Amino acid sequence: MYKDWNTLKADCMKCMKCELGKTRTNLVFGVGNEKAEVMFVGEGPGYNEDMKGEPFVGRGGRLLDKYLEYINLDRHKNIYIANMVKCRPPENRDPSEQEQDCCIEWLREQTRLIRPKIIVCLGRISAKRLISKDFLVTQDHGDFFEKGGIQFMGTFHPAALLRNPNNKPLALEDFIGLRDKIKEICEHTYEI
Ligand code: URA
């Protein structure tokens with residue numbers, strides 16, 4: 001168990017626990033405020049993220065930033081964003097169960113140190129792993145589930161919204177619900 005963010009990050013950056021370590025350009029540790037009350041968890045880096053070493057920096061990331069801005073959240077200020085796996089799966093395939101198993105301890109350590117009040121799962125990969133294996137985005141998006149003192153909510157993955165823009169209004173409702181939940185249970189997210 002890590003007590004210190006910089007040591008955690010330094011060890012994680014060297015990780016070669018799975019095959020994805022061999023093909024990465026950059027490990028994508030995460031971005032944001034380590035003291036955030038709200039954490040977002042995506043799936044894994046794509047091409048742009050692997051190049052830049054930051055989560056959600058492609059087209060999907062720009063869409064995510066718009067939703068965040070709508071409810072006064074900012075990836076560099078009052079939230080933290082990470083992924084289920086920290087290295088890019090080749091050809092942007094889904095990360096395998098085994099790759100997720102290798103990587104999840106890093107996410108656990110990040111969560112232990114950040115101690116978020118709310119975790120938002122972006123897409124089915126993180127929602128199935130962190131909320132419930134039966135989670136269905138189309139059915140369960142926007143609902144809050146309490147687990148271990150943390151409120152979890154799953155919503156559409158930004159890339160899925162780019163493929164199917166019909167779901168954008170539903171995603172916006174989820175973000176509005178998130179804003180309400182933040183106002184209800186968070187102390188400093190909207191003060192920063
Ligand atoms: N998709 C994800 O799930 N995470 C990223 O960082 C980029 C794209």
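We count ligands from 1, going down the list as the structure has it; atoms in each ligand are counted the same way. All figures in this text were calculated on a predicted structure; none of them were measured in a lab.
Within a 6.0 Å sphere centred on CZ of Arg112, other residues, nucleotides and ligands contribute more than 12 heavy atoms.
Under the 30°/60° scheme for interplanar angles, the aromatic rings of His157 and Phe56 are found to be tilted.
Lys17 forms a cation-pi arrangement with Trp106, by the criterion of a distance under 6.0 Å to the ring centre and an angle within 45° of the ring axis.
Among protein residues, Gly42, Glu43, Gly44, Glu49, Pro55, Phe56, Asn83, His157 come within 4.0 Å of ligand 1, judged on heavy atoms.
With hydrogens and angles left out, the side-chain atoms of Asp11 and Tyr2 include a donor and acceptor closer than 3.5 Å.
A centroid separation of less than 6.0 Å is found between the aromatic rings of Tyr67 and Phe175.
A salt bridge (charged side-chain N to carboxylate O under 4.0 Å, His left out) check over residues 123-133, counting only residues at least two apart or in different chains, returns the pairs Asp94-Arg124, Glu97-Arg129, Asp101-Arg129.
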